Amino acid sequence: MENNLIVQTTENQSIMEKLGILSDAAKYDVSCSSSGVGRRGDGTGIGNTLAAGICHSFGADGRCISLLKILFTNECIYDCKYCINRKSNDVPRATFTPDEICELTIQFYRRNYIEGLFLSSGIVYSPTYTMELIYEAVHKLRTLYRFQGYIHVKAIPGADPLIVQRLGLLADRMSVNLELPTAEGLKKLAPNKHRKNILSPMRQIQQGITQNKNEITLYKHAPSFVPAGQSTQMIVGATPESDYQVMMVAENLYKKFDLKRVYYSAFVSVNEDKDLPALPGGPPLLREHRLYQADWLLRFYGFEAQELLSESRPNFNVLLDPKADWALRHLEVFPVEINRADYQTILRVPGIGVKSAQRIVRARRSGNLNFDDLKKIGVTLKRALYFITCNGKMMYPTKIEEDYITRNLINPKEKLPFDKDGMTYRQLSLFDDNNELLWHQAAGG
């Protein structure tokens, strides 16, 4: 049934005017990167998703721009102090209709501008009402427009669980924004939101995914439920939590909710409020960068949060990446003999990523490796040489000494989330000149 209670102030706006407002309003939500799933188009519709994943294009700040990233509405009944779309702000407002969402997605897809849709929203009238509108749009895309491409939808805390369940059968990925790392921070800056309401749909989605996997095992043609998993986002820098607290929260989310990704969004000051921190140096992008590096260590390198930080040492080193910093604090385990060490030990060597470690383990079955072999495999020797031996020898005479290695590892040209004009948190527009787009992919190690 078509909803007809769309906010009256948007009735006279064109679809392109709405797009300008609602794509700009979505730029602060960073948890939009796509993730391929093993569902192909059946030949009767438009688009598909592949197991290899959807192609990503990234801006200089690392934000994914391969999806049509929009809000359904930037109207909101909440007054979160950090949000540009809070109800007390005097900003241009707009609300799409479900049909407009469908039209935009199909037209952009046919022009090869996008590979899928990322749809979030403010809260208009109530969480349940807003989710009903989102469901109507996604349902029409899947059934009436036969769109079989990637769709990522935000679940709104407080909405009817039945709608969340129905959306999960249509979307590839869903996410629920944690917003802030702690309940105390949420109470201070987002008094209308509650941690219990946020965690409830997160748990529902997790349980739905687990149940669906069992159903697919028994019944091959059972419909998929959120096949690309769920993710969440935390704002860092708006409240005083340490990096240690942030990483402990992230680790618990991975373990308890089986999340695919936790995204970290450097706080951007868009409102004047006494409860918000001053940012004389701009958004804390370096801190965000370190948190992402540490997140990779949790997910792929076998580290735990308590190994990287502690209550007595609660924040990351601004000069060194978390893996190198850990290695320098644990020099007793180095140097590592590449030809004998187990896979997990090799993974902890700075300069060796997951793929390189796997190649080392495979290659040494055919004979002992030397430093030239490691270079061909893809090891970053300028970092690894302080921590490894090949056949009992180091690459160069090297002191296993913290100060000495630190001086050599610190690289003032480390690739950080900056653009040619300095720090940026601007979401690239679908209408930007292609010459301004930078394509890159974060590398582990």
Side-chain angles (χ1 to χ4, degrees), residues 26-35 56 58-65 69 80 82-83 118 120 152 154 173 175-183 185-186 189-190 193 195 198 202 229-257 259-270 276-277 279 281-301 303-305 308-309 314-318 320-323 325 414-418 423-427 440-444:
K27 66 186 177 184
Y28 300 107
D29 199 324
V30 301
S31 56
C32 65
S33 65
S34 54
S35 177
H56 297 193
F58 289 87
D61 59 353
R63 270 51 170 188
C64 177
I65 59 169
K69 179 184 175 186
C80 302
Y82 50 82
C83 183
F118 173 87
S120 186
H152 179 162
K154 286 284 182 179
R173 173 169 285 190
S175 54
V176 185
N177 277 0
L178 194 66
E179 303 288 357
L180 296 164
T182 62
L186 200 65
L189 298 186
K193 298 179 179 179
R195 182 56 60 91
I198 294 172
M202 197 178 288
Q230 67 169 322
S231 58
T232 192
Q233 171 180 328
M234 286 188 280
I235 300 169
V236 293
T239 45
E241 293 89 4
S242 66
D243 293 341
Y244 176 64
Q245 289 174 291
V246 172
M247 294 314 300
M248 288 296 291
V249 170
E251 186 174 66
N252 284 329
L253 289 172
Y254 283 127
K255 290 180 177 179
K256 294 180 179 179
F257 294 91
L259 296 190
K260 290 291 186 180
R261 286 291 304 272
V262 174
Y263 291 86
Y264 310 92
S265 177
F267 170 62
V268 178
S269 182
V270 294
L276 296 175
L279 295 175
L285 292 179
L286 177 56
R287 183 185 184 192
E288 178 190 289
H289 183 60
R290 293 285 181 245
L291 289 169
Y292 274 117
Q293 289 175 319
D295 188 88
W296 277 70
L297 297 182
L298 296 184
R299 290 189 294 135
F300 301 115
Y301 289 77
F303 282 86
E304 295 186 356
L308 301 172
L309 295 170
N315 294 304
F316 289 116
N317 190 330
V318 296
L320 293 166
D321 69 85
K323 188 177 180 183
D325 189 51
E414 179 185 6
K415 292 182 179 179
L416 301 176
F418 305 145
M423 290 186 292
T424 178
Y425 48 85
R426 182 177 68 91
Q427 174 182 309
H440 81 106
Q441 187 170 15

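Excluded from the calculations below are hydrogen atoms, water molecules and symmetry mates; all remaining heavy atoms, backbone and side chain alike, are included. Given the structure is predicted, the values throughout are model-derived calculations rather than measurements.
For R287, the side-chain hydrogen bond (donor to acceptor under 3.5 Å, both in side chains) partners at least two apart in sequence or on another chain are D243.
For residues 230-239, no pair satisfies salt bridge (Lys or Arg N to Asp or Glu O under 4.0 Å), with sequence neighbours left out.
Side-chain atoms of P181 and Q245, non-hydrogen and from C-beta on, never get closer than 4.5 Å to each other.
Between L259 and T232, the closest heavy-atom pair is CD1-CG2, 3.5 Å. Taking both residues in full, the closest heavy atoms of Y264 and A250 are given as OH-CB, 3.3 Å, listed atom of the first, atom of the second, then distance. Between P322 and L297, the closest heavy-atom pair is CB-CD1, 3.9 Å. Nearest heavy atom pair, residue F316 against residue L308, reads CE2-CB, 4.1 Å. Here the shortest heavy-atom pairing between R173 and S231 reads CD-OG, 3.9 Å. Contact detail for G185 and T239: the closest heavy-atom pair is CA-CG2, 3.7 Å.
With Y301 contributing its side chain and W296 its backbone, the two residues share no donor-acceptor pair below 3.5 Å. No donor-acceptor pair closer than 3.5 Å links the side chain of Q293 to the backbone N or O of D321. At distances below 3.5 Å, not a single donor-acceptor pair connects side-chain atoms of Y82 with backbone N or O atoms of E179. Within the 3.5 Å criterion, the main-chain N or O of N317 finds a donor-acceptor partner in the side chain of R290. Not a single donor-acceptor pair under 3.5 Å links the side chain of Q230 to the backbone N or O of V176. Formation of a donor-acceptor pair under 3.5 Å by the S175 side chain with backbone atoms of K154 is not found in this model. Here the side chain of E288 pairs a donor or acceptor atom with the backbone of A266 at under 3.5 angstrom.
From M247, atom CE reaches atom OG of S242 across 11.0 Å, with rounding to the nearest 0.5 Å. Atom-to-atom distance recorded for L186:CG and C80:SG is 7.5 Å, nearest 0.5 angstrom. The structure places CZ of F257 at 9.0 Å from CG of L178, a figure rounded to the nearest 0.5 Å. Interatomic distance, CD of E251 versus CZ of R299, reported as 13.0 Å (0.5 Å rounding). Note that CZ of R261 is 6.0 Å distant from OH of Y254, once rounded to the nearest 0.5 Å. Put simply, CG on D295 and CZ on F303 are 13.5 Å apart, with the number rounded to the nearest 0.5 Å.
Looking at K193, Q233, M234 one by one, the single match for side-chain contact (heavy atoms from CB on, under 4.5 Å) with N177 turns out to be Q233.
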